[in-house]
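Reminder, nothing fancy here: chain letters follow the sequence lines and each chain counts from 1. This structure is a prediction, so every number in the text was calculated from the model and none was measured.
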Amino acid sequence: MRKNLKILLVLFLLAGLVSTGCKKKSKEQQAKAKPAEENVIKIGAVFSVTGPASFLGQPEKNTALMVVDEINKSGGLLGKKVKLIVYDTEGQEQKAVMAVNRLIQKDKVVAIIGPSRSGTTLAVIPIVMRAKIPLISCAASRKIVQPVSERKYVFTVPQLDTFAVEKLYEYFNKKGYKKIAILTVNNGFGASGREQLKLLAPKYGIEIVADEIYGPKDTDMTAQLTKIKGLNPDAIVVWGTNPGPAVIARNRLQLGIKTPLFMSHGVASKKFIELAGKDAAEGIILPAGRLIVADQLPDTDPQKKLLLDYIAKYKARYGSEPSTFGGHAYDALHLLFEAIRRAKSTNGDKIVAALETIKNFPGTGGIYNLSPQDHEGLSKDAFVLVRIHNGNWELLEE
Amino acid sequence: MRLKRYADILIFALLLIAYPLIITDNYGLNVGIFALENIITVTGLNLLMGYAGQISLGHAGFVGLGAYISAILTATYHWNCWLAMITAFVLVGIVAFFVALPTLKLRGHYLAMATLGLGMILYIFFSQLVDITGGPSGFVGIPYMRFGSLTFSSYSTIYVVTAMITFVIIWLSKNLASFKAGRIFRAIHQDEEAVVALGVNTYHYKVLVFVVSAVFASIAGSLYAHTVIFISPASFGFKRSIQLVTMVMVGGMGNIWGGVTGAIFLTYLPEFLRIFEDYDIIVYGSLLILVIIFMPGGIAGAVEDIYGKFKNTGGREDR
Amino acid sequence: MDLIQYLVSGISIGSAYALIAIGFNLIYNATGIINFAQGEFVMLGGMGSVYFYHYLHFPLIFAILSGILLAGVTGILVERLSIRPIRDASILSLIIVTIGDSILIRGIAMLVWDKNSHALPSFSGDIPIRFLGAAVSPQYIWIIVVSIISMLLLGGFFRYTITGKAMLASSVDPVAARLVGINVERVTMYSFFISALFSGMAGALMTPVTLTSYDIGISLGLKGFAAAVVGGLGRMSGALVGGIILGIVESFSAGLISSGYKDAITFGLLLLFLYMRPQGIVGEIKAERV
Amino acid sequence: MGNSKILGAERIVKHFGGVKALDDVSLSISQEEVLGLIGPNGAGKTTLFNIISGFIKPDGGKVIFKGVDITSHPPHKIARMGMSRTFQNLRVFSEMSVIENIMVGADVLTSAGFFSNLFAFPSIWKSERESIEKAEYFLEEVGLQDFRNTPAGDLPFGKMRLVELARALVTEPELLLLDEIASGLNTSETLDLMELLFKVKEKHNLTILVVEHDMDFLMNLAERVVVLNFGRVIAEGSPDEIKKDPQVIAAYLGE
């Protein structure tokens, strides 16, 4: 019995330590922040830098750090330095909730960009709504910004799956593909893609003959492809992010399937071609932002200069090609800076009001037209169709 | 005699009451609520692993099951949240019972692998039954807890409810651990055959403690659902089950307060480790190894040994 | 026609699981431990070879050999630093320590290398081999052949060689083994080294077809263990039989039942065996002395 | 003492793989008798012991306890019917204190159910008191009062044997099975144990089946002795008859 008392005393000590720790730190932070409050604008960022979705979070974090350095070099914002505080959510809801609360309560940020996944974004929305802190998510699910009435402080930058599917289905109608097979990954990205693919199919007179699923870490999808081959659809649509689609492209080659293969904007990066291998990737068509075909864009394209500049700077700093996911952080920050400039304040409501006035603002994802009803700001033409031809992206048509 | 036995629970109650008075900001309360929810699951798991010696590598599955049943009953069918929580842990208890019947005949690695497999299967059902659970994109729109006209939407009110339920769970676990059942669990952990020879149906006891730990996990799941009001399969996978087991091991097996300490320590630690950014995964992994090697009794065990050395009484009377 | 393809791809994936299961059996035979970091050795074999090949520009063969060696050395480190200090601790502690190892190895791999997926060129081209209308990539032929060879090699090693029997003895009863002069510590280290080598080889062989990344070890480790149990824990022939059956069940359930529940069916099979026949297909019932 | 037969093992057969551990062994014990079972190593004594207590199932034959065929009963059910045992290689709960070890035995008979234990209803407090009282009683009976709170694992070998004995007695058995309880004890400890067993047998009118190597201990304690060799009963009778039986001498006491 007394043994328990001793352990409990330690617990008391531990709790005291923890609570004073939190208290002291927050008091100390307030003290420290007080004088510096005036000349620093603190912006929070939550990305899944590690864990299963690290291929989203890592490029987003790299880009965010780069963009903040850039703006600080060119005089900061409203004459103040911008301080970025980045937390890793490991793609887990609890971690994201704690991170956002920490950013709001302890770090006293004026706005937040991220999270990377739609799941973690939906988990933190109630917090930012209550705290009236604007959040610009880097995840592409419609539920994030709808219903707008309950999402006043929430925006999202990535192109919605709906537009990607519409772009594909238009192409299918043009090519006369009526029966298609879909193969989607079993995570947030794949599930929302699958939802839109099935939702919009009837509108375009398309029939989905096979609705197959694969796991994010699965190493072989020949079974699903064999089943699909048996149903000989007109086209196959794969919705997922690396490495799955690359394995599927290889399996398709191996099984000698000739049916045209379409993918999602989730694989719009050089990495995909490298993983799938030149011949397995040959001829794959997918909707994508203009980032990967920036050099092939006509000079009149408003995004061209900005994209080339982003690619050059990213390559110089990190030595590798930027990905469309990194582009989301780029757009989120620039939209936020533009809103703060227009609002000339860091108050949450003012930033939101300013954001909603931003019209044809070029970003890496497309031309943003935000409004009180549309917190996403992009449309179908944010996407272009691109094809892989001998190991390179090729602009199919605007 | 009774007061002495309950001294430690009263101190725990004081801790629970003191915390929100010291920490008033939402971040501190939020971490506190998650720590309490972890305490509930870890205490159940401690009874199963620390006391009865039966390992489970799939307990996040039961947390998820409780969370989803609560979410579906309250959001889709608009049940009262308390009725939903009770229905959830009754259903989870039944599922755990039927799962336990074949599983607890196994021992050691086989038991570990079976529970791991069960956790994975539950996870797959969460992500595949899209039209009921919302699938991998998660379940949106879970209502906050309500009692009459009072809605628990602020962290302070959620903390109060969670703290009360945690206290009840700890009280129940204390009873279970300190009377007859606790002794028999500990005896089973050390030498099951000898307990059988005394006339105890050890299989019955093992199934019992498995169901109790699953019910506690379900309650924690329901509370979590009403705290974050959004759930997705990602929070109830293999990684989460391992975190829960780590809390039991690091805290100290076979002692209620060991489990509590482990849950608190490993809920707050990552928050302090944020400064390490990417490196916290390395700190976590090495911490796990170091504790098993150098502190087999976990934090509680180490405290006991240090305390024992100080007092170094002859017959170690106060064992 | 599809059925043959399901069978062929089932056997191919199954042979990869078999190779990993062999790694499990090696450590289990010598130490009675189930190493939950086994998947990480597989990952190291793949990622190591990628690192030596793509970044240090070793020729393919040397890159793969050094990748496999890297996995082997890690195996020794895992044994020396985490298993030996608690050699006769409870099963629970051993399981948790190996889980700690897997988290640590994954973390280091993530930081030292990167978070992307990587590939290796196939050993003998990508042109699929066709027979009976089904197609299989030549790389899988390598995997099937290598897993059969290693099964025979190791099966014989444990049955006919002195060191092999010494390993078995030290797992059944370490004290008795020490009494007859077996250096149990060294045998345990060898078992981890050899097991890590085999799993590293599995990783290197699989990467051309399955690609690899710092966190591919988790699911491969689980599948490998399921194969080892279904086949018969500790038996090399069990590893091959279990692996192939698991691959075939997975392939058919994905093709015919539902690809979403594929893994649920695989783990369901594992549970079935754990409940009905824990000693696996080829194993016999071990009499439990009271 | 020709009263009723409490235990009958009839034509027991058991083999492990090729080895025939027990080959058509029959044995019976009457009420309050002390029966000894001896035989060289590997004669099948412990196997028979495990079959009677239900831990191993025989390949042939039956075990009747108090008139009930318990051959296929699970061991815990047999124990509840009034048969308790000790183990050849000592099995105490080493990290639990001596009193707790004995209380586990006592707990088996207390009435409080799971829910009263969970919600600390009065009936669990009553059972707790009962359990403590009973455990204290047997603690004194085996003379371990001064080690009440010591972890059983810290005790010397002889004392651990007494813990195991007290734990077996507290379940109030009618038939007590002792599996080489004197092994590892020095002469004075063996004498004290013998004295204790006589006292306990009288007080609780126990029937005892004891398996032993220590001939003096067995010959003084047992009223009747059965000799096993290579899984077969080769002799049966009073200790004196057994000492003179040529077959026993040849097989066991060694030429």
Part of Val195(B) lying under 4.5 Å from any heavy atom of chain D: both
Structural part of Ser178(B) lying under 4.5 Å from a heavy atom of chain D: backbone
Is [X] in contact with chain B via its backbone, its side chain, both, or neither, using a 4.5 Å heavy-atom distance?
X         : result
Thr171(D) : side chain
Ser131(D) : side chain
Thr86(D)  : neither
Arg167(D) : both

Cation-pi geometry met for Arg85(D) and Phe87(D) (6.0 Å, 45°): yes
Which of Val104(D), Leu118(D), Val108(D) touches chain B most, by non-hydrogen pairs under 4.5 Å: Leu118(D)
Winner by heavy-atom pair count (cut-off under 4.5 Å) against chain B, out of Met81(D), Lys77(D), Glu100(D): Glu100(D)
Please tell me whether [X] and [Y] have a donor and an acceptor in their side chains that are separated by less than 3.5 angstrom.
X         : Y         : value
Glu133(D) : Tyr137(D) : no
Ser70(B)  : Ser222(B) : yes
His59(B)  : Thr41(B)  : no

Taking every non-hydrogen atom, the tightest pair across Val211(D) and Phe49(D): CG2-CD1, 3.4 Å
Met249(B) versus Ile292(B), closest heavy-atom pair with distance: CE-CD1, 3.3 Å
Pair Phe210(B) + Phe62(B): ring centers closer than 6.0 Å: yes
Chain D interface, residue from Ala194(B), Gly182(B), Ala181(B), Ala187(B) that has the most non-hydrogen pairs under 4.5 Å: Ala187(B)
